[in-house]
Every structure is written in C-alpha cells, then in structure tokens.
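Keep in mind the model is a prediction, meaning the values are calculated, not measured. Labels below follow one simple rule: chain letters A, B, ... track the order of the sequence lines, proteins then strands, and each chain is numbered from 1.
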Amino acid sequence: MSTMSITIAAGGASQQRVTDTATTGLDLFGDDRTIVAVRVNGELRDLNRTLPEGATVEPVTIDSPDGLDILRHSTAHVAAQAVQSLHEEAKLGIGPPIKDGFYYDFDVAAPFTPDDLREIEKAMTKIIKERQRFQRRAVSDEEAHAELAAEPYKLELIADKSSAAADEEASAEVGAGELTIYDNVRRDSSIAWKDLCRGPHLPHTGYIPAFALTRNSAAYWRGDQNNNQLQRLYGTAWPSREELKAYETRLAEAAKRDHRKLGAELDLYSFPDEIGSGLAVFHPKGGLLRKIMEDYSRQRHIEAGYDFVNTPHISKAELFNISGHLGFYSDLMYPPMHVDEERHADGSLKRQGQDYYLKPMNCPMHCLIFRSRGRSYRELPLRLFEFGSVYRYELSGVVHGLTRVRGMTQDDAHIYCTVDQMQDELISLLQFVLDLLTDYGLTDFYLELSTRDAEKSIGSDEDWERATDALRQAAAVSGLDLVLDPGGAAFYAPKISVQARDAIGRTWQMSTIQVDLMLPDRFDLEITAPDGSRQRPVMIHRALFGSVERFIGVLVEHYAGAFPPWLAPVQVIGIPVAAEHNAYLLSVADRLRAAGVRVEVDTSDDRMQKKIRNAERAKVPYILIAGGEDAAANAVSFRYRDRRQNNGVPIEAAIDEITSDIAARRQV
RNA sequence: GCCGCCUUAGCUCAGCCGGCAGAGCGACGCACUCGUAAUGCGUAGGUCUGGGGUUCGAUUCCCCAAGGCGGCUCCA
C-alpha cells in the first residue's frame, strides 16, 4: 500500500501526517460529528473525498460560516428530495443556502399549502433518519444532459455553463469547473435522489441536527419577472436543537418589535383603509414624537448652515418634464390631475387644461429656488433644507408599514457648491449625518458606495469618476467600513448610503448622499464665478432620516417602543396610590411641566396596580408613584421600565434626575 | 405588478357539514379608595371588508374589488 504525506491544520497548529493514499477527510475526522467538511489547500471539499498528496487539510466545523452553509445547502437537498417524493411532477429550480437558512425553488402544479409543508417536513425527517450519503460524481455535459433530461431548469443551467457566458447564478449552482452530480445513497447502496450541484455537502443526511421549514412563497425563475414563477420553500437548519430554538426565539423577539404592531399598541399611528394603502396618519403621541424629532433636526440644520425652504406638494407636468422624472419614472408617480379644461356646448375644446402631479421628489423645486435669481459663488455652498412631502405610487405588493409608504416626508436638502468645494462639503456632510443619527440612538454604522452602471447612466466618465472619488474620500475620512455596490447607482449619480445596525443586529439603510450629474444641466443652473464667468454648480442630494415616517418605524423597532426620555411622547406618568393623593401628584406634575417635562397623572378610578400595568405597557420612561408617605416627605417613588424602584426621592432630586436624563438624551 | 394566504365588535380572536352572532381586553356607568404587572358588577358596540352570484336560506360556497400578511420583482 502506497503512502503520502499531508498536513493537518487545526486550531492554529499544524501537524504532518503520513497516511495511505486512499485517506479521506472522514478517516481523519469521521469520529467528530461537528466536522462537516475539509478545506484542502484552501478549497472546500466533501469529507468523503480522498485527499491529494501533500495537501494541507483544515477541518470545517458545522458552526463556522462555511459549515453552516454546507449544513443548510445539504438540508435544501433533503427538502428537494422530500418534495419530489411527495409531488412527482415537481421540477427543480435552485436551492442555495441563505442567511440563517436555505430555500429551494420548484415548478409544481399547485402552490404549497401549510399542510404540504408539514408533510414535507415529515418526509425530510425520514430522509435524515436514513442517513443517506451525499456522494459526489463528476459528469460530462452529455451525461448530465442525459441524467437530468426531466429537469428543464437544470438543463438550462448546464447549457449556460457550457456556453462561455455563464452568469453568476448558474456558476454558483453548478460550479465553474467540471459538472458534478450529488447522489443521495441509502445504506443499501440504492440511490434515493440526485441533484446537479457543486457541493460540498455533509457526509450524510444524519449530520443534520435540527431543521425546520419556515414558509413558502413564489419567486421568479432566476429573479426575472418575465420568467416562470416557481414556488420557493424556505427553511432553516442549525448545529443543534438549542440553536434552532434560539433562532425561533430571535424571530419572535423581532416580531415583538414590529413597528406596525407597536404603532397600534402605543397609539402612535395607523393606516386607515379609507385613506389608502401606504398612507399613514399620526395620532397625538406619534405626532408628538414626530415633532420632537423634527424640532431637533431643524435645530441641528440651523447650526450646520442650512437655509430653510418650503415647496408645494403638486406641480404642473412641465416641472417633471424638465427634471426628467416624467420620462424615467412616471410609473412610480401618481397619475395626473387634469384641471382647468373647458369645453363648448358642442364638446369642442374651449380652454386647454393642465396636468398636475403630486411630486415624487423635492429636488426639482429646490432647483427652481436656486434659479429664482442670479447666484454668486459667494453664496456657495448653498444648502436648501425642507421637510418635503412626496408621493410615490409604489407597487401594491411592496407597501409595508412605515418603511415603504406611498406618501412620506423627506428630511431633504440639496447642496449647491463648486467642484472645488465638493470634497470638503461631502466630508463634513457625512460627519453631520453620522452625528445626528448617533443622537437618535443609532451608533453602529457601515457605508455602502453605489457606483456607476455603464449600461444605464448619463454623464461623462470624468464627472462620474470625480464624484465617486469624492464620495470614496469622504467615506475614508469617516473611518467606517465601506462596502461596494458596483453598478448600484441611479443613472444620474453615484451614492453613499449609511447603513445602521439596530439593537438586535438588523441593518437598515438610513441616510443617502448623492452627487447629481444631471439636474444642474437640466435646470441650466449657473453661478457667477469670481472672474465673472458663468459656471455650473455641483448639486448634492441628501436625506438623513430618508423619510420621517420610515425613520420613526426604524426607531420604534430599534427601541422596541421604549424610547429614551428625550424622544418619549410621555416622559413621566404620575400614579397616585389612591384618589386622595391626586392633588399632591398633580402639584408635582405642575413642577415637572414647568421644568419642560411631558408629564401626565393617571387620575382614573382604576386601582394603582392597574395603572402601573398600563403605564408599563405604554413604555413610559418614568413612573412616579405617590401615596401618603411620599406626600408627607415631599417626595415621590420612582418605578423604572426595568421595574427597578427608588422610593422616597425628594421632588427636587426627582426633577433633576429626569431633566438631566432628557438633556443628555440618555436612554434609561 | 406577480404568487399564495388572510379580513367576524375599537383591539386580539372563537364560530362544526350553509339554518337568527360569541368571548376576553378596551370604552361607558355604578360600587370599591387600595403602596409597585389586571377590584367587582353592569351597559353599549357587528350590513361578519365591499359588490355580484349560487341557494328556500350565505359570516360560511363561487366570482370580482379593496385592504392586510409572507415572499418575488421594484425602491429614482
């Protein structure tokens, strides 16, 4: 028997081994169920493949990112086998691992029902119990064709791979090198199922410790609306039952933070059917929250040198023809209102009407303000700010709570400056944005730079490069991580967006900063330069909140409705032990109110326990309780949101504590 | 926009195979006056989302629309 030498690299140490030439990863690590694959000379491989001479072999554990992907990808195969065993006609799409799980697409006669999902889960459990081996097998294109003749979507992927123009999706599924098929082999050596796949996979299905099917939905083949719609089955898989349970708990926690649910519970806003989809109304508490946020934003914008403007909600079509929106985006605008048309008695036109549109953006109007008189270089940078209400006819299927609406208020500004000023302006702007978001309690950011899509963009290469460089430079100064989004820019401008992670680690796109390479030309904007010549200004679009509505939605989820005192609509609620203490608490409330605190006293005839429960459910930062003992001592008793108590606090000290938390924008 | 599911009182939800609509919470009233997560009793709330159809009869079955939910696509 011939031998070979390999290096095992595990846990930072490496170790030479002489083994026989038929050695597999399973031979090395097969007694450890947490090792699901090996990395051989940097490449992920199945445990049951023989190792090459001289290889450096690293074990891949099931809880590593690669290990989890392998687990989930293998679980997707199990799901597909289960589906085809129950639904013979099902044709396979693709089935990759995704964040926290996997999906698999199928062309089936009828969409899956909840009952189907339960049955598929049952069948999957059976397959897992059978401990079917995942057996890799290289095949020629012809062989793959023959074996998968009944799988039209797989054939399409094979064809794509054969043609040089393999797209990213196809190569992810079938691999860049040779084609491989994975057989699922039962212990009696019969083949249960097979799939065209690049792998790698678990050694056998028994390596799947915990899984669940989570939901199903429709998805277009290859994400293209013009293709067939397939049924997508979503699932999740974890290294242990406990981790699956923890994942389910996380989902439940996230659901508790849902801003649509909390918005109703906290009486902040609602979405009346009578008004229309995606159009929110803000109730008194939500309106107050909005005002607090807007007031603070306004104050900061004043300090940062912005000028405040106001513009109407509607405009004649002419404006959006100049800006180009009607040409490019009329699908996303509400249809026009046709007004002023008059006709003679015979129906012939007497007076031609006008089309008015709800504005989808504020920038065209801001450009008109810029253009309303001659502008000097001395005025630059000119920063025009507005809480501008815009309306976009979003597709009915995408409208979602406050985060995707049809009517919203942008904290929108347009900065006009010279090319030379652009760099400094972007740097200070990004800092301004980050500072302000931090004040609202978002502190964990990264940046995304969306660059030009050469296919769909206007403007010169030089302009794009200069603008993109300026954005990249501003990002570098911020010191934050920068993720590239190649080709993700709008056709007229590169963009930096600030992504914020919330309290439970989800990321939200918050602010955007765009350098516009189109509107200054379209509106023929000019400044008079020091030498008397006319120059085109640079225009920067930016929104910090994105929209006030969306930002409120994000903050509700971030804080789970428990706002820091400075943002809380009701900061303090007074609860008397009995009605006879109402007057005392009302007088304490008066003093708090005089100190600028938003305070209410619950004088209803509920019992105090009930009032405490109500106040807790309203997530009021401070509950102040007072009875005979407190009144006698000129004191109040605190109950905080975490149920901590602090009894007998003198009124002065209570006011100090509350007002200082508010002033510091501290969370409590 | 596409696919699937859903819509019963202000909210959360029961309601079997088609036969006169139910609970809890909330609201309102009365009693209770109480020291840290629901006091008791009572009252009022419904064209069962809207429209059409089938049927002796529709909250229930069918069709259409609106709104919602989960995805897909989209997000200037």
Pairing partner of rA21(B), by Watson-Crick or G-U wobble and under 3.5 Å for both distances, is none

Specify the separation, in whole Å, of atom CG of Asn614(A) and atom C1' of rA38(B). 8 Å

Polar side-chain contact Gln225(A)-rC2(B) base: donor and acceptor under 3.5 Å: no

Which nucleotide sits closest to the side chain of Asp273(A): rU73(B), rG67(B), rG70(B)? rG67(B)

If you only use heavy atoms from C-beta on, which nucleotide in rC34(B), rG35(B), rU33(B) is closest to the side chain of Arg607(A)? rC34(B)

Crowding at OH, Tyr247(A) (>12 non-hydrogen neighbours, <6.0 Å): yes

Would you mind telling me which of rG71(B), rG35(B), rU36(B) lies closest to the side-chain atoms of Arg215(A)? rG71(B)

Would you say the base of rG4(B) and the side-chain of Thr113(A) have a donor-acceptor pair closer than 3.5 Å? no

Counting only side-chain nitrogens and oxygens, does Tyr234(A) get under 4.0 Å of the OP1 or OP2 atom of rC72(B)? yes

Is the glycosidic angle of rG45(B) within 90° of 0, making it syn, or outside that range, making it anti? syn

Considering only side-chain heavy atoms of Tyr220(A), which listed nucleotide, rG1(B), rC34(B), rC3(B), is closest? rG1(B)

Check against side chain to side chain donor-acceptor pair (under 3.5 Å), Asn582(A) and Thr603(A): CA-CA 6 Å; Asn582(A) 284 356; Thr603(A) 56; 5.0 Å; no

Look at the side chain of Asn216(A) against the base of rG4(B) and say whether a donor-acceptor pair falls under 3.5 Å; ignore hydrogens and angles. no

Which sits closer to the 5' end of RNA chain B, Tyr492(A) or Asp258(A), going by the nucleotide each is nearest to? Asp258(A)

Establish, yes or no, whether the cationic atom of Arg72(A) lies under 6.0 Å from the six-membered ring centre of Phe102(A) and within 45° of the ring axis. no

Is the shortest side-chain N/O distance from Arg222(A) to OP1 or OP2 of rU73(B) below 4.0 Å? no

Does a side-chain N or O from Lys610(A) land closer than 4.0 Å to OP1 or OP2 of rG26(B), or not? yes

Compare side-chain N and O positions of Arg617(A) against OP1 and OP2 of rG26(B) and report whether any pair is under 4.0 Å apart. no

What class does the angle between the rings of Tyr622(A) and Phe638(A) fall in, given that below 30° is parallel, 30 to 60° is tilted and above 60° is perpendicular? perpendicular

Could you check which of rU36(B), rG4(B), rU73(B) has an atom nearest any side-chain atom of Ile625(A)? rU36(B)

Establish, with yes or no, whether the OP1 or OP2 oxygen of rG70(B) is under 4.0 angstrom from a side-chain nitrogen or oxygen of His400(A). yes

Go nucleotide by nucleotide along RNA chain B from the 5' end; which of Gln229(A) and Gly628(A) gets its closest nucleotide reached first? Gln229(A)

Quick one: look up who rC30(B) pairs with, Watson-Crick or G-U, both distances under 3.5 Å, and put none if it's unpaired. rG40(B)

To the side chain of Gln514(A), which of rA76(B), rU36(B), rG4(B) is closest? rA76(B)

Gln609(A) has its side chain closest, among rC74(B), rU36(B), rU33(B), to rU36(B)

Could you work out which one of rC74(B), rC69(B), rU36(B) sits closest to the side chain of Arg260(A)? rC69(B)

Mind checking if Ser277(A) touches a base, just sugar-phosphate, or nothing, with heavy atoms under 4.0 Å? sugar-phosphate

Leu319(A) vs Met365(A) side-chain heavy atoms within contact, under 4.5 Å: yes

Closer than 4.0 Å, any side-chain N/O of Ser217(A) to the OP1 or OP2 of rC72(B)? no

Between rA76(B), rU36(B), rU33(B), spot the one nearest the side chain of Ala578(A), thanks. rU33(B)

Kindly indicate whether a cation-pi arrangement holds for Arg501(A) with Phe445(A), taking the cut-offs as under 6.0 Å to the six-membered ring centre and within 45° of the axis. no

